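Below is one structure, written out as structure tokens; the observations come after it.
None of the values given here were measured: they were computed from a predicted structure. The figures here come from the full heavy-atom set of this structure, side chains too, leaving out hydrogens, waters and symmetry mates. Convention: sequence-line order gives letters A, B, ...; per-chain numbering from 1.
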Amino acid sequence: MDIHITNLLKKYHDKAVVDIDHTQFKSGFIYGITGDNGAGKTTLLKIIAGLERYDAGEILYSGVPLEQGMMKKITYLSQTPYLMRTSVYENIVYPLKIRNIDPMTIEKKAKDIMDELQITELKNQLATQLSGGESQKVALARALVFDPEVLLLDEPTASIDPATIDTIEEAITKRNKQQKMTVIMISHNMDQVKRMCHEIVCMKKGKKISIKE
Amino acid sequence: MDIHITNLLKKYHDKAVVDIDHTQFKSGFIYGITGDNGAGKTTLLKIIAGLERYDAGEILYSGVPLEQGMMKKITYLSQTPYLMRTSVYENIVYPLKIRNIDPMTIEKKAKDIMDELQITELKNQLATQLSGGESQKVALARALVFDPEVLLLDEPTASIDPATIDTIEEAITKRNKQQKMTVIMISHNMDQVKRMCHEIVCMKKGKKISIKE
Amino acid sequence: MDLLKEGLKEALLLLIRFDKEVYSIIGLSIGLSFTSTIFSAIIGIPLGLYLGVKPFKLKKTFTRTIYTMMSLPPVVIGLLVAIFLSRSGPLGTLGLLFTPTAMVIAQMILITPIILGITYNDAKQYGPSISQIGITLGASKFQTLKLLITEMRITLLIALVTGFGRAISEVGAVMIVGGNIKGHTRVMTTYIAMNNSMGNYAMAISMGIVLLLISFIVNSVLYRYVAGE
Amino acid sequence: MDLLKEGLKEALLLLIRFDKEVYSIIGLSIGLSFTSTIFSAIIGIPLGLYLGVKPFKLKKTFTRTIYTMMSLPPVVIGLLVAIFLSRSGPLGTLGLLFTPTAMVIAQMILITPIILGITYNDAKQYGPSISQIGITLGASKFQTLKLLITEMRITLLIALVTGFGRAISEVGAVMIVGGNIKGHTRVMTTYIAMNNSMGNYAMAISMGIVLLLISFIVNSVLYRYVAGE
Amino acid sequence: NEEPESIILSTTTSTQDSGLLDFILPGFTEKTGIEVKVVAVGTGKALQMGRDGEADVLLVHAKSSEIEFVAEGHGAERFDVMYNDFIMVGPEPLQYETIGDTLNGIMENEMVFVSRGDDSGTHKKELSIWASRGITPEGKWYMSAGKGMGDVLQMANELRGYTLTDRATYLSMKDKLELEIVFEADALLLNEYGVIAVNPQKNDSINNKGANKFIDWILSTETQEKIGEFGKDLYGQPLFFPNAK
Ligand SMILES: Nc1ncnc2c1ncn2[C@@H]1O[C@H](COP(=O)(O)OP(=O)(O)OP(=O)(O)O)[C@@H](O)[C@H]1O
Ligand SMILES: Nc1ncnc2c1ncn2[C@@H]1O[C@H](COP(=O)(O)OP(=O)(O)OP(=O)(O)O)[C@@H](O)[C@H]1O
Ligand SMILES: [Mg+2]
Ligand SMILES: [Mg+2]
């Protein structure tokens, strides 16, 4: 799914928070978004995910505006993820359950992703009682488990310990390679962005200021 | 204020989350705490701050247990800081106001810290509508503004952009040098910890596993 | 004091004697309040969730109206319902005045705003982040509603219990629209009020104690059910 | 329908005529409800905040009890207060039955659990993180309480408005303990109930409209005051 | 700054709802400076309040219960104050000779009958008439409301049923009701009001002096005349007939 943005404008109290003339995210690539605190990165990502209204401009997904069916294929992982008041396992299988996938497959997929992100021991813990990094990992597992076409990540490794960062980066790049998953991730870690991304969008005060390869 | 910990034990549902035989944080030093996600770092810091009960053990602050008067000199900056529903400025001056400091001094101190952390433009914004990194900076400003003796920081730069990280690190080390402020900070960034800290405590599954200088 | 002791004794006797009238009064009270709670929940909960989550203009006005409605005076509700249902009123042909149906209608008008208000208030606060999760994980509108309900179950439970408690303990409206007809529309509260006005304090108190007990039991059972919290 | 129209006209006339009796009834209603809201808030808010923030055993039992208390049936409250205050009751020597004081007491018993419950419920949720900020920034116990109050002002406002709304619209309890004595303990709701019994629908409805207006005005003024939200 | 002296008068709804008390009481307060706090309840409760010493003086209409009340020592003496009569009202005219026949007819035809059912003077009167016929009224047609006179008249109106009422309340509400008199004027239907001062030994708070002043006043020629006047202008006939000795 290609994403084209034209003349996008989003204001808060008359302050333009996102103001992008044109940019595009091509299917099957990994994009990094960097920029100062308050540059508008989170706002942009939420708009792309269809979670935030905007004041002007146009976003086309494979040539058409966002519609219900497409939203099912896009997922967004927040900077402060919300986990449901159930077990870690129930959180992770939720997107599969609502897709009516058969129980056997659900169990297998959940097991695989938990093993991959090394959170199997947390399986039965209440998701609202996790540590900062644990929450981030569980939310990521929940986002990856249903193989979305477009993955929007907001600082996914901000609170992750160094050993696990590699695991997570690997999990993401693997899916990009194997399933052509499109990834747009915000990160303040320039090394990480350079390691992972095909293209980098840098934002400053709402505007896109440069693209580095 | 020296902090001595002996046989500290904290459990959640029978799982020992913090289990430390002995450790000490000496006055005027900067300590780094590192370790895997879920190792018990946040829990330990909260216990030291007097915000969390523990099941066994003893913590002495300059030789005595924690008391009200001391708590006024210790401050803790959470991984997910809570900002009051007022302006950024009101948030920052709050600790000064409750100490009955004269308005002129308050204004000056607030101005200085906002300039130092580069958040002056946010002054009149509602604190609950900030971006992730902005919130972290405002919360840090609010913690630094009243010159506490002991500063407990939980991943203070996790969501901060690279340019500002330096500013923040500097603000902290400056206070350590000039006012002998004791700092204990959790961080997943090993480079940062090595840059800033006199001593590093590494935790694994609730236990202290090594001290590197 | 003696009256209270006597009331307690009387309350026990009341229940042990298996007096048919008393049991049918208790049964009617519970039945009517239960019915109106269910209907009010069917209206109030989805509406409250929807309005709480959805941004719309006039939200402030709406909030204010809801809170005003939450304190609609029962006598006024009773009066209005009675006027509408009376023979000369617009719905007079239905012949509903002084029937249990009229009482359910009055109770619904009383508690729907309460259930709606409690739901709306929390949905406004937590709803957006919950429904956002639904959306990002690919839930349909209906699945998102289900998610909201499971995540906010404690709030919804409180809304239900509050609504039921209000319905069963209300007297002003049901007295007017029900008429306190023996064996037909007499419920616990009108029984209490009547016995009080007849000077039968012991009987009034004993039924009052039964009413408190029911309230406590309903709370306990539902809290146990949700466990946690 | 005609009755409603007539009621509206009558309501206007009622207010314009500057009938002394009507105004004193309205004044008494507002005064009593205001008084009991203040007293209940003085008890309920600090207690609710304290209990919400402080971890303690039996918290579940407490929650359940509070919710039960929140739906205490007004008639039962009225009955119990009347028994305690009656001349032969334990507090009989005070001579409070059928006085405005008795009505304030009954209203307080009715709404203190409501104010306490609403406060407690939110304090349990947000209180810990707020008071934690107070502690880490060096606030004294009293300053932390003040911080809790400012941060939770919207909840507290809702608690106050709900309490007041409940007090002013309640009829069962104040009828019993106040006695609806003309010029002395007659309030809007007992006036409405009495006129309804006498078949003076227009007068009942007109006072009902006034009561609704007051409720709406109180809500509006307070919401405006807190602004935001 | 003492509160003005006051007495608590426990009375039935008919004296308040008909407007009589509003008409005569200001005269008493003017004359004696004593404020009268009227608590209008059913006769059953009014008497109970007397037994409990909650009221200072009673103005009620259930003669046999009142006599019993005095005999049990709850009050000093009962004085006749006034009377009017009970009447049967309903949606359609009925042609029976006596009140007993009327009730019997209603039962046999299962026409709706709304009973006060609240232990009031009116209720007691109704029960005594049923009893005189050896009938225990029961069934869907017999509705026991447990409410005051005004409410019961409205219910009868609404349900197109019959009921026994005192003439004063009926007249004062007549224009709001589609009910007509179906039976009246029978010796059995006399409705006598009496006044009793509550035994001051019940507790220290009872204002016996005020109560006695009230009794003296209500039995005085002047007040009695005023009672006889009440309602003449509005209804073309008096609602109560004074009969103090
Ligand atoms: N609800 C809101 N009301 C007003 N201003 C807002 C609101 N949300 C965000 N902003 C402002 O919009 C700007 C952009 O916010 P955004 O969260 O997109 O920044 P960001 O680039 O993600 O920053 P960070 O790196 O700190 O997460 C910030 O200056 C912020 O203060
Ligand atoms: N309220 C709670 N109930 C149960 N378990 C909890 C609770 N809070 C934390 N835990 C568990 O305690 C362990 C330690 O948590 P803590 O927050 O101290 O970890 P941390 O070292 O700060 O991790 P991170 O780097 O992810 O922030 C975790 O495994 C977490 O799941
Ligand atoms: Mg952001
Ligand atoms: Mg942590």
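- In this structure, D:Phe56 places its CZ atom where more than 12 heavy-atom neighbours from other residues, nucleotides or ligands lie under 6.0 Å away.
- Heavy-atom distances place both the backbone and the side chain of D:Ile135 under 4.5 Å from chain B.
- The local environment of CZ in D:Phe216 is crowded, with over 12 non-hydrogen atoms from other residues, nucleotides or ligands closer than 6.0 Å.
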Compile the donor-acceptor pairs, distance criterion under 3.5 Å only, formed between chain D and chain B.
from     : atom 1 : to      : atom 2 : distance (Å)
D:Thr136 : O      : B:Thr75 : OG1    : 2.7
D:Leu137 : O      : B:Arg99 : NH1    : 2.8
D:Leu137 : O      : B:Arg99 : NH2    : 3.2
D:Gly138 : O      : B:Lys72 : NZ     : 3.0
D:Gln143 : NE2    : B:Ile98 : O      : 2.9
D:Glu151 : OE1    : B:Tyr82 : OH     : 2.8
D:Glu151 : OE1    : B:Arg85 : N      : 3.1
D:Glu151 : OE2    : B:Arg85 : N      : 3.0
D:Arg153 : NH2    : B:Arg85 : O      : 3.3

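- Contact between B:Pro95 and D:Leu137 at its shortest, heavy atoms only, is CB-O, 4.0 Å.
- Only the backbone of B:Leu83 comes within contact range of chain D, with at least one heavy atom under 4.5 Å from a heavy atom of that chain.
- Contact of B:Ile74 with chain D is made through the backbone alone, with heavy-atom distances under 4.5 Å.
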